[in-house]
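Excluded from the calculations below are hydrogen atoms, water molecules and symmetry mates; all remaining heavy atoms, backbone and side chain alike, are included. Predicted model, so just to flag it, every value in this text is computed and none were measured.
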Amino acid sequence: MASNITFHEGYLIGTVSSEERVQLSQQKGATIWLTGLSASGKSTIACALEQHLLHLHKYAYRLDGDNVRFGLNKDLGFDEKSRNENIRRIGEVSRLFADSCCLTITAFISPYRIDREFARQIHEKSGLPFVEVFVDAPLSVVEQRDPKGLYKKARAGEIKDFTGISAPYEIPENPEIHLNTAETNVTESVRIITQYLVSHGYMPETTQ
């Protein structure tokens with residue numbers, strides 16, 4: 001970190017406090033962090049959840065590989081060090097979004113516990129909710145789905161460091177939500193996450 005910069009905590013005249021931001025936005029920010037193997041259903045659930053929350057007139061935004069890997073993180077590869085930095089940056093960005101009272105949805109494999117724990121800790125340090133959602137599907141199921149043929153290529157040795165095949169995925173130990181997508185469809189997954197947000201006071205009860 002540069003030594004000649006100073007972080008302002010919000011004490012300057014005209015700045016908005018966290019409490020005032022929540023009051024004016026009529027919404028609390030939180031990060032909903034979807035983690036799981038490729039083809040487990042993370043992106044599909046994230047897209048559906050974002051649409052559902054927006055239809056409820058909630059400020060929500062989805063971060064995933066399509067809008068992060070091609071911009072903010074386009075300089076990163078897929079080796080372990082690059083994966084660590086990828087998740088570090090996403091953790092920091094999602095924290096800023098959550099601080100703006102956004103219901104921030106992230107959909108990344110994020111295979112290492114230490115990286116997910118870093119994201120959690122920087123949220124908690126800022127007093128922001130962090131909801132880890134384990135999007136779980138057996139390897140046999142995701143290999144059968146394999147919409148992009150990535151598992152087949154990984155098995156053939158055409159892709160190195162592929163999570164679940166030649167690189168590890170460390171299962172979340174205590175996720176706030178555990179979705180088994182071999183048994184739970186997208187609609188039900190969105191309902192479960194939404195109900196969690198309501199029951200924990202991150203958004204009001206809704207009849208929709």
Side-chain angles (χ1 to χ4, degrees), residues 30-55 60-70 73 76-80 82-84 86-87 90-91 94 103-120 130-200:
T31 290
I32 301 105
W33 189 282
L34 277 64
T35 175
L37 293 172
S38 178
S40 62
K42 299 181 304 300
S43 293
T44 303
I45 293 170
C47 287
L49 178 61
E50 181 185 37
Q51 285 202 4
H52 179 64
L53 293 175
L54 289 171
H55 280 291
Y61 193 79
R62 172 177 48 88
L63 296 169
D64 63 19
D66 289 340
N67 59 16
V68 173
R69 277 284 187 178
F70 290 100
N73 292 350
L76 299 177
F78 290 91
D79 57 280
E80 183 174 347
S82 293
R83 287 173 182 264
N84 296 152
N86 182 52
I87 299 306
I90 294 161
S94 63
L103 291 171
T104 312
I105 307 158
T106 73
F108 297 88
I109 294 172
S110 46
Y112 301 112
R113 291 192 191 103
I114 191 170
D115 296 332
R116 299 193 300 265
E117 185 59 27
F118 168 81
R120 179 186 294 277
F130 183 87
V131 182
E132 186 176 41
V133 181
F134 179 26
V135 184
D136 186 11
L139 185 60
S140 59
V141 171
V142 296
E143 285 200 72
Q144 186 176 17
R145 293 173 180 169
D146 201 12
K148 299 177 183 178
L150 299 178
Y151 283 99
K152 185 177 180 180
K153 290 181 179 179
R155 288 290 189 190
E158 297 174 26
I159 301 177
K160 295 181 179 179
D161 300 320
F162 190 80
T163 304
I165 303 297
S166 52
Y169 176 79
E170 297 173 356
I171 295 173
E173 295 177 331
N174 295 294
E176 279 72 18
I177 301 172
H178 185 166
L179 301 173
N180 183 344
T181 58
E183 301 175 356
T184 307
N185 63 27
V186 175
T187 301
E188 179 63 8
S189 296
V190 169
R191 187 198 68 77
I192 291 169
I193 297 172
T194 302
Q195 185 55 45
Y196 181 93
L197 297 176
V198 170
S199 66
H200 285 75

Exercise. Say whether, by atom type as modelled, one donor and one acceptor occur between the side chain of T181 and the main chain of S40 under 3.5 angstrom.
Key: yes

Quiz item: Where do V68 and T106 land on the side-chain contact (heavy atoms from CB on, under 4.5 Å) test, with the steps shown first?
Solution: CA-CA 10 Å; V68 173; T106 73; over 6 Å; no

Quiz item: For the side chain of E176 and the backbone of E132, is there at least one donor-acceptor N/O pair under 3.5 Å apart?
Solution: yes

Quiz prompt | Check: Y151 main-chain N/O paired with D146 side-chain donor or acceptor under 3.5 Å | solution = yes

Practice problem: Would you sort out whether I159 and I165 count as a side-chain contact (heavy atoms from CB on, under 4.5 Å), showing the intermediate values? | Solution: CA-CA 10 Å; I159 301 177; I165 303 297; over 6 Å; no

Practice problem: Would you check if the side chain of R145 reaches a backbone N or O of A39 as a donor-acceptor pair within less than 3.5 Å? | Solution: yes

Exercise. State, with a plain yes or no, whether a side-chain heavy atom of R191 is found less than 4.5 Å away from one of T187.
Key: no

Practice problem: Kindly compute the distance separating CG (L34) from CG (L179), expressed to the nearest 0.5 Å. | Solution: 7.5 Å

Quiz prompt | Donor-acceptor pair, side chain of R116 and main chain of S110, under 3.5 angstrom | solution = yes

Quiz prompt | Geometric cation-pi criterion, R113 with F134: 6.0 Å, 45° | solution = no

Quiz item: What are the two closest non-hydrogen atoms of A182 and V141, and how far apart are they?
Solution: CB-CG2, 4.2 Å

Quiz prompt | Qualifying side chain to side chain donor-acceptor pair (under 3.5 Å) pairs with a residue from residues 134-144, counting only residues at least two apart or across chains | solution = D136-H178, E143-R155

Self-check item: Shortest non-hydrogen separation from P111 to T163 and the atoms involved
Solution: CB-CG2, 4.1 Å

Self-check item: Test item: K42 side-chain N/O and G36 main-chain N/O as donor-acceptor pair under 3.5 Å
Solution: yes

Quiz item: Which pair of non-hydrogen atoms, one from V142 and one from A137, has the smallest distance, and what is that distance?
Solution: CG1-CB, 3.7 Å

Quiz item: Considering residues at least two apart in sequence or located in another chain, which fulfil the side-chain hydrogen bond (donor to acceptor under 3.5 Å, both in side chains) criterion with N73?
Solution: N86, R89

Exercise. For N174 and R120, work out which heavy atoms get closest and say how close.
Key: O-NH2, 4.4 Å

Exercise. I would like to know whether S38 and F162 meet side-chain contact (heavy atoms from CB on, under 4.5 Å); could you show each step before the answer?
Key: CA-CA 9 Å; S38 178; F162 190 80; 4.2 Å; yes

Quiz item: Testing V133, I177, L63, I87 for side chain to side chain contact (heavy atoms under 4.5 Å, CB included) with W33, which one passes?
Solution: I87

Quiz item: Distance from F108 atom CZ to R83 atom CZ, nearest 0.5 Å?
Solution: 12.5 Å

Quiz item: Considering residues at least two apart in sequence or located in another chain, which fulfil the side-chain contact (heavy atoms from CB on, under 4.5 Å) criterion with T184?
Solution: E188, S189, I192

Quiz prompt | Spatial distance of atom CG (L49) from atom CD1 (I193) [nearest 0.5 Å] | solution = 5.0 Å

Exercise. Give the minimum heavy-atom separation between I45 and V186, together with the two atoms involved.
Key: CA-CG1, 4.4 Å

Quiz item: Out of curiosity, D115 CG to I109 CD1, how far, rounded to the nearest 0.5 Å?
Solution: 12.5 Å

Practice problem: Compare every heavy atom of A60 with every heavy atom of L53, then report the nearest pair and how far apart it is. | Solution: CB-CB, 3.9 Å

Self-check item: side-chain contact (heavy atoms from CB on, under 4.5 Å) between S166 and K160, worked out
Solution: CA-CA 7 Å; S166 52; K160 295 181 179 179; 5.5 Å; no

Quiz item: How many angstroms lie between CD1 in I171 and CD in E173, if you round to the nearest 0.5 Å?
Solution: 10.0 Å

Quiz item: Rounded to the nearest 0.5 Å, how far does OH of Y61 lie from CG of L54?
Solution: 11.0 Å

Practice problem: State, yes or no, whether a side-chain contact exists between Y169 and T35 at a heavy-atom distance under 4.5 Å. | Solution: yes

